[in-house]
Participant: 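One structure, pasted below without further comment.
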Amino acid sequence: MNNHNIRVLVIEDNPGDFRLIQEMLSEAKDKLFQVELAENLSGALECLKQGRIDVVMSDLGLPDSQGLATFEQLRARHPDLPIVVLTSTYDDEATAVKAVSRGAQDYLVKGQVDGKLISRVLLYALERMRVKEELRKGRDRAQKYLDVAGVIMVAIEANQKIALMNKKGCEVLGYKQEELVGRNWFDTVIPKGIRDEVKDVFDQLIAGGIEPVEYFENSVLTKSGQELLIAWHNTALKDEKGNIIGTLSSGEDITERKQAEGALRESEQKSRMLVSSITDGVIMLDKDLHIALMNPAALSIVDQPESGSYPDTAQLQRALEMDFEEWRRKFAHDQEGLQRKAVGINGRFYEITISPIKDAQERFAGMVISLRDVSEEKKLEELKSEFVSIVSHELRTPLTCIKSALDLILSKRTGDISQDQDKFLSMASRNVNRLTRIINDFLDLSKMEAGKMQIRFQKLDLGAIIEAAVSTFALGAKEKSVSLSAEIPPNLPTITGDPDRLNQVLSNLLSNALKYTPEGGKIAIKASNINCLETPIPEILSLPYRDYVRIEVTDTGPGIPQDDLKRVFDKFFQVEKSLTRMMPGTGLGLPICRQLVEAHEGRIWAESRPGTGSKFVFVLPLLNGVEIFNSYLENLIQRAKSAVSCLSLDLVRINHFQTIKVGLGVERVREIFERVVEIVSKSSYKATDHVLPDEESARVFLILENTPKEGALAVCERLKQNLLNFDFSLDDASIELEFSLGVATYPDDANSSKELIQMTERTELISALVVKQRTVLVIDDEENFAHSLGRKLKRRNYQAVEAFDGVEGLEKALQMDPDLIILDVKMPRMDGYEVIKRLRETEETKDIPILALSGSLHTDTDRLMALGANEFVTKPFSDGLLLDAVRKLIRKREVKHGYRIVGG
Ligand code: ADP
């Protein structure tokens, strides 16, 4: 529209009036108005349809429409068009006023108007319409904003009626907009139960009695009768004078959230109750390895007060003997959880199970550690072990008797037996053998389980051990037409281990393989070196070592079902439903193998695809003697630690061992070492003591479990005496042996195996022995007798010197300073009594022990002893008796004079 050209439609059936109006408008300045005429309503409507008209000026009395109806029809069709009603003085002016109240912009009375008035009225009408239009648009825009909002928006007037409700609100409440606007808010949507109360609050608010509550939650009813919980935010609407005229509220449907929150809270509460009432300890770590949760049981296990905070992570790791970081690494490498290990904490034993927590992307999100108290089981297990070992011992003795009786009868030394008797007795004998085997296995296993099996570590060539085991089974394999082969690489490193025990492992595996492999089958042993960093093996991931030798025994027997692969290492387990069940066995062989391999810090497992045979694999870490000894001792220290007990270590070291080795040769030295080991073993009385020989460095350790320092010192003293009293004499060599003895106790002296060993080494209890060939002087006038006795003595490692009468004897005694004199009493020239008397009178010979021999019953023994003989033996005598007496006499003198003791 343009102010210079306002188009006016005049609806007037009186041509005179129209002309008048036309003239008046044309008088207007700048010819503002462009006037069109319609003589009746239908003509007007026709003209309006074309849409060119800006404002209408209409008489109400027309040929085709009368009164207010004229206006109503116009407005209904063109609500946006400003309409000015024309009326005459004789018409009812009241009708015109009514039209204005219904939306007409103004009215004019014909005959009372001039050009100025008309044009002003028309211009005002136009302007008012424009403003109204602006307002409407503004309101529409506001409604649109409200509709876009994701929350309910409702304006309530002071009279409780809904002034405005946005789309979301309608959606939530299930009404159409027109169904709500104008209705009483409270009667429509507030549930009956709280309606009056809410109304009351609203009325007080409108009356200015209270401030609007900024936030509250209450229920509303939807059209379908569903009750929803809404969170409301409210503001008061005020007029320009500050009077409250209503409220504007935004509301959010929180029904589901509240329900979910409730459910979550409930489930959280349930889990918390569950976790805290579990008697097992449960610890949860988050992805940064911080403690996220510890239930009361876990807190009490690590001695942490329940109300206080969690222990710090380092402290927890120490208590559980775990390295969390290491586990995180393992889980990152996709290792499965559920690793079990038994750990002693504050005197009780716990089985620890560790499982990873993964997030939705399968990334590490933490771990759960559970601690199950297995102390009772362990105690029972120990009792059982002990019981088994006692029973087995008791069974072995009568069995030996039965066996020798059977063998005796079968050998027919007690008389002839019939064929039938032979048959049945042989059967009995075979079964006795079998029973003995079972009992031996039993005993072995119970010893190992109680930690009493002695492992004697030494450097060894595994290849040779494999070859020896293979050759033991070669004949059996040949008889069964089974091929048996071994593949040993030439560069297989030497390892530290117990050759007998490893032989036992191989023999068990080979005997199983041979037992289960049918005729024409194959058994192969293969050894190799592996480096864990290059080829990680899941079975040994929990071990800290890097280099291993791997030995596998493969057969073409029936194989083992997948589910049984782990269980074959359980005691008494035998695979059901297979051929193997028919074979005689104890179900103890593999558990023994496992114990032995694990005592070497190794691992053993079985692989199999049923139908194609079995493969038993074991790996042994490449540790040197010191390392393996350390880890062995460390395990025992840990055991003592968790049992809040102590542990002592006694050490015997043969000093200058290398020099002795050069002098005597390896074989001899090994003999000496063996004897020392034997002495150490004999010096310990307790079944829980462990003898650990370390031949490489010429040390023998005696580990005394549950023994305090005083006990260990007492054992050490006994050890020292036993060493001193032992005859180390060698055939032809003279050598000085020097020993260091040492004692150290956990926890008094040290906390770790390394320190403990260092402590024993530092203790200076030095004792030394001289081992040399002893000289025996034989004085007898019967030359043949003297020669024969001399030969016997030489065979027993003595140097024998012979003299054939008393005078010669006295001379040689002075000359040679023998360690012992064997003297015949009855001799010509000078008899034995005289010789003794003279020997005792002479300073150089007065201490030499004298063994008197007499062939006559009339010998005056009292006189002999009174003169100074130390012992007398009557002819004829057994060699054993005489030699025994010889040894004793020499020893007695040496000890008495401290002769053999050089130091300490
Ligand atoms: P057993 O004295 O019964 O052989 P083991 O402990 O040596 O006891 O073996 C346990 C069980 O494992 C055996 O009974 C057998 O079922 C199974 N088994 C062991 N070695 C083999 C093998 N080489 N092939 C098939 N099954 C085997």
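One-based numbering, in listed order, for ligands and for the atoms of each. Values in this document were obtained by computation on a predicted structure and should not be read as measured data.
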Participant: Please confirm whether Gly559 comes within less than 3.5 Å of ligand 1 when only nitrogen or oxygen atoms on both sides are compared.
Facilitator: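 In fact, backbone or side chain, Gly559 has no N or O that close.
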
Participant: So is Cys593 in contact with ligand 1, going by heavy-atom distances below 4.0 Å?
Facilitator: no

Participant: When you check the gap from the basic side-chain N to the acidic O, do Arg372 and Asp280 get nearer than 4.0 Å?
Facilitator: no

Participant: Against heavy atoms of Ile560, which atoms of ligand 1 measure under 4.0 Å?
Facilitator: 25 (C), 26 (N), 27 (C)

Participant: Considering residues, nucleotides and ligands other than Gln562, do more than 12 of their heavy atoms fall under 6.0 Å from its CD?
Facilitator: no

Participant: Provide the number and element of each atom of ligand 1 under 4.0 Å from a heavy atom of Pro591.
Facilitator: 6 (O)

Participant: Going by an N to O cut-off under 4.0 Å, is there a salt bridge joining Lys403 and Asp407?
Facilitator: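 Answer for the salt bridge query: yes.
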
Participant: Which of the numbered atoms in ligand 1 are below 4.0 angstrom from a heavy atom of Leu588?
Facilitator: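 Near Leu588, meaning under 4.0 Å from one of its heavy atoms, ligand 1 has 6 (O), 8 (O).
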
Participant: Quick one: does any side-chain atom of Thr707 pair with a main-chain N or O of Glu705 as donor and acceptor, under 3.5 Å?
Facilitator: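 Side chain of Thr707 to backbone of Glu705: a pair is present.
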
Participant: Can a salt bridge be assigned to the pair Glu534 and Arg546 using a cut-off of 4.0 Å between side-chain N and carboxylate O?
Facilitator: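 Result for this pair is no, no salt bridge flagged.
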
Participant: Does ligand 1 have any atom that is closer than 4.0 Å to a heavy atom of Ser614?
Facilitator: yes

Participant: Is the count of non-hydrogen atoms from other residues, nucleotides or ligands lying under 6.0 Å from Lys522 atom NZ greater than 12?
Facilitator: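 Counting neighbours around NZ of Lys522, 12 or fewer heavy atoms of other residues, nucleotides or ligands fall under 6.0 Å, so no.
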
Participant: I'd like the name of whichever of Leu509, Leu590, Thr556, Ile523 reaches closest to atom 9 (O) of ligand 1 through any heavy atom.
Facilitator: Leu590

Participant: For Phe616, is the nearest heavy atom under 4.0 Å from an atom of ligand 1?
Facilitator: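 Yes, Phe616 has heavy atoms under 4.0 Å from ligand 1.
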
Participant: Counting heavy atoms only, name the option from Asn512, Leu510, Thr554, Asp555 that's nearest to atom 23 (N) of ligand 1.
Facilitator: Asp555

